[in-house]
Each structure stands twice: as structure tokens, then as C-alpha cells.
Amino acid sequence: MPPADTGASTVVVGASAPSSPVTTTAVPAAATHERLEPGRPGYRRMSFALFAAGVAAFALLYSTQALLPAVSASFDATAGQASWTVSAATGALALFVLPLSALSERFGRRQMMTASLAIAVLVGLLVPFAPSMGALIALRAVQGAALAGLPASAMAYLAEEVRPKALIAAIGLFVAGNSIGGMSGRILTGWVAQAWGWRAALAAVGLLALACAVVFHFLIPKARNFRPGSLNPKALAKTVATHLRNPLLVRLYAIGALFMTVFGAVYTVIGYRLAEEPFSLPQGVIGSVFLVYLVGTVSSAAAGRLVARLGRRGALYLAVSTTAAGLLLSSADSLAAVLLGLVLITAGFFAGHAVASSSVSRTATEGRAQASALYQSAYYLGSSAGGTLGAVAFHAGGWAATVALGLLAVLGVVSITLYGTRVARAERRAPVPATATR
């Protein structure tokens, strides 16, 4: 998920984008209900509800990532085969985020979020009983598709129900739930699996998500400012096509996907590396490695200051350099070096992701909500590809091959950014048409 600051800009602008794939009925200003803000009834309930939803969603989405070595052993599967239990979920989310975000315009944000969580939690309670690797992957794909209805709906709900001056704080709490859910789910599964096995670990995540879903259901206030509209598939397709013809947006989508390819590859495979010689760490300790995610909270928050000081492309170059340094450092057969490498990879990834995702909303002049959804699709497709390719590379050539894959993706980001720099310089040097000065 995008960081809090980038999500805010996307939602605020996207909520009022002039070209919408949904036709809404005009409503007089007097019919708009008073919006939520700190200190007013309902704001605290709404904040806790969406925080709980974020925890549930991302604990479920990445629930198998820290368990891959145990899953491989249980089904006698390779790292590449086991990685599909993560890639299927993120890939399905990527494919369904745009259509489900459009459906929320017709049926309601609250209804979409409730249905998404309910289906994902139900599947999460079935996942521990998967009889085969194929069944486990299929269940995880259904789970990812269900979860696709949450991110865009949550952001749109906040944009409609919260006062603009309180929106950043509200989105920040939702994103904090995403981060904590992703991190705590991995840590929880690691320690539970060490004591009772990976199936018990997945059951624990399912119960955690169920508790969070119940909290969400009873706390989330009814939407008072939502106005349903009729879907317009032609307008949606036209908006998407327009974005995909925008070279800058396409470059930003590619940068997000490539950064996530590195991140997905590293964190899908790191469990295998730490379980093998010379480290031989137990499952619980391997799960605790995901505490490194906290570094990403700091680096994504600092992205705005980096852009102010270095410019967008300068911040991307710094993020890429940090990520590459982390990849190289992680190649050492020293636990301290591997952990420091993970810190650098995580910091670089989150900073680069923050810069790219925030740039999408500034670049799109119309249909910004759809531009953001396309970025999320590219982002999670990168996660899916990175997880699978990273695991295949590890199976073929060990950690060095996974690092090589990551460096190749980093080189792709550098190439795209250099090309963007050349295009920007050429545009600045181009003569201004005479008509533009009249």
C-alpha cells in the first residue's frame, strides 16, 4: 500500500476528478452531511475500524511468506512452487483492484469493504486445511481477489466522510494498520509455526483477521455522503487507455513494479536463506526479521523531504542506490551484514515507492483515482513476479542468483529514471510555440 502522504494526495484529488467512469446523480450541497474530524462523534470509531481492517487485510495477504520453508517441506515442493502461495494472492489483488474499485462506486464503499473482509477471512479460516499445494495456491488466489476490494474503497470512503484537514491523519492510521498487519502477521506465523506447525500459524492469522473484521463491522460508521452511480464501462476503459498512453505514467508504473519485484523477491526468499547454513535460524527468529519493516515507515515518511531537497528523480536515484547497496551487502555470509542489507533494501524500496506513487497523482490530470488503481495493479504484479522469480532464481543458483535478479530490476529503475531525465531536459530546451505566448 502507498504510504500515508501519497495516499492522501491521491484520494483528495481523485475524489473530485472530472473524468469518472461512474455517472452520479447531482445532489444539492445542503444534502451533504457534516464530515468527520477529530473530536466529533464517529471519528474515533471510524479510525479504529479502518485500522483493524488494515491489520486484517495485510496479515492475510502475506500470511504464508514467512512460512515458505515449512510449506515446502510439508508438500515436498521447491521454493518456486511454494512462492506461488504468496504470488497468487498478490497477483489476484493486482488484477481485481481496478474493477472492484469501480464496483464500490455503484454499491457503496462500506458494503464493498465489509464483503471483501468477510470473504477473505472465511477463506483464511479454510486455508490451514488445504490438502495439497494446488488447493493452497487456489485458496490464496481467491483470498487476494477478495482483498482487492478493500484498499481503493477505504481511501474513497475516507475522502467522502472525513474533513479534508483531518484526511491525512485518518489515512495515516489506515496505512499504519496495513504496515502493522503485514509485519505482525509474519512475526505471528513465525513463532506459532515454530511451536505447532505452519497450519496452526495460518489458523492463528485467520483468527486474528476474524477478530479485526468483527471490530470493523461494529465500529465503522455508516456512509453518509456516498452517492451511488451507474457504472459506465466505456468511460472506464477510455480513462484507463488514456493513462496507459501517457509515457510518464507508464514509466512510474514500471518503476513501482520493478521496486516491488526486488522487495518481493528478497522477502519471499530470505526465509530459505536464513534457515540454511551458515545461519540455521529457527522459524520464530526468521519471522521476527520482518521487524525490519519499521524502517520503511521512517523512509517513506522522509520521502517528501528528499524530493524537496533532491527533486523527484534525485530521490529515486538515492533510493535505487540504497537498495542496490543493500542487495550487495546481503550477499555476505554474516548475519549482521544480511540484516543491515535488509535494512538498506527496505529503506530504499519504501522511499522509491513513496516517490513513484505520489508522482502518479500529480501527473494524471483526469481520472486520478483510476491512475492510482493502475499503479496499485502494477505494484502488486511486481510483488507477484518478484516472489516467484526470486524463488526460482534461489532454487537455481542460491542467494547470489536472487541478488542478481534484484540488481537487474534496480538497473531497470535506473534506466527508466535516466530516460526520464533526458526527456525532461529535452522538453526544457524545446522552443516555446509562438501561440503559447499569445
Side-chain angles (χ1 to χ4, degrees), residues 1-13 168 171-172 175-176 179 246-264 266 292-330 340-365 368 371-372 374-376 378-379 382 386 403 406-430:
M1 286 292 295
D5 56 334
T6 61
S9 62
T10 299
V11 174
V12 172
V13 184
I168 292 178
I171 290 177
V175 173
S179 302
N246 184 320
L248 178 53
L249 282 177
V250 171
R251 291 199 296 270
L252 291 171
Y253 297 153
I255 287 172
L258 288 169
F259 264 120
M260 195 54 170
T261 297
V262 179
F263 199 66
V266 167
V292 172
Y293 264 47
L294 294 174
V295 175
T297 303
V298 177
S299 67
S300 60
R305 294 192 295 273
L306 287 175
V307 171
R309 178 173 297 183
L310 304 174
R312 184 174 60 194
R313 283 179 288 274
L316 283 175
Y317 287 131
L318 179 59
V320 164
S321 300
T322 303
T323 304
L327 285 167
L328 294 172
L329 189 58
S330 70
L340 180 56
L342 288 177
V343 167
L344 294 176
I345 292 167
T346 304
F349 160 74
F350 275 101
H353 167 49
V355 174
S357 60
S358 62
S359 298
V360 168
S361 61
R362 291 200 301 268
T363 300
T365 56
R368 290 183 174 95
S372 178
L374 285 171
Y375 178 84
Q376 290 186 40
Y379 175 82
V403 168
L407 291 173
L408 185 63
V410 163
L411 181 61
V413 175
V414 172
S415 300
I416 292 169
T417 308
L418 284 172
Y419 175 77
T421 301
R422 288 197 296 271
V423 169
R425 287 175 179 172
E427 290 175 349
R428 285 196 298 267
R429 293 171 182 168

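One-based numbering along the sequence shown.
- To the nearest 0.5 angstrom, L327 atom CG is 11.0 Å from T322 atom OG1.
- When side chains are defined from C-beta on, L328 counts as touching L407, because their heavy atoms get closer than 4.5 Å.
- Once rounded to the nearest 0.5 Å, the distance linking CG of L294 with OG1 of T346 reads 10.0 Å.
- When every heavy atom of G348 is checked against every heavy atom of A319, the shortest pair comes out as O-CB, 3.4 Å.
- Under the 30°/60° scheme for interplanar angles, the aromatic rings of Y375 and Y253 are found to be tilted.
- In terms of heavy-atom proximity, L310 sits nearest to A315 at CB-N, 3.9 Å.
- Put simply, OH on Y317 and CG on L418 are 3.5 Å apart, with the number rounded to the nearest 0.5 Å.
- Counting all heavy atoms, side chain and backbone alike, A347 lies closest to V295 at CB-CG1, 3.7 Å.
- If you take CG on L258 and CG on L411, they are separated by 10.0 Å, rounding to the nearest 0.5 Å.
- For G420 against R251, the heavy-atom pair with the smallest separation is CA-NE, 4.0 Å.
- Scanning both residues, L252 and V360, for their nearest heavy atoms gives CD1-N, 3.9 Å.
- Not counting sequence neighbours, the partners of I255 by the side chain to side chain contact (heavy atoms under 4.5 Å, CB included) test are F259, L316, A356, V413, I416, T417.
- Considering all non-hydrogen atoms of both residues, S330 and V403 come closest at OG-CG2, 3.9 Å.
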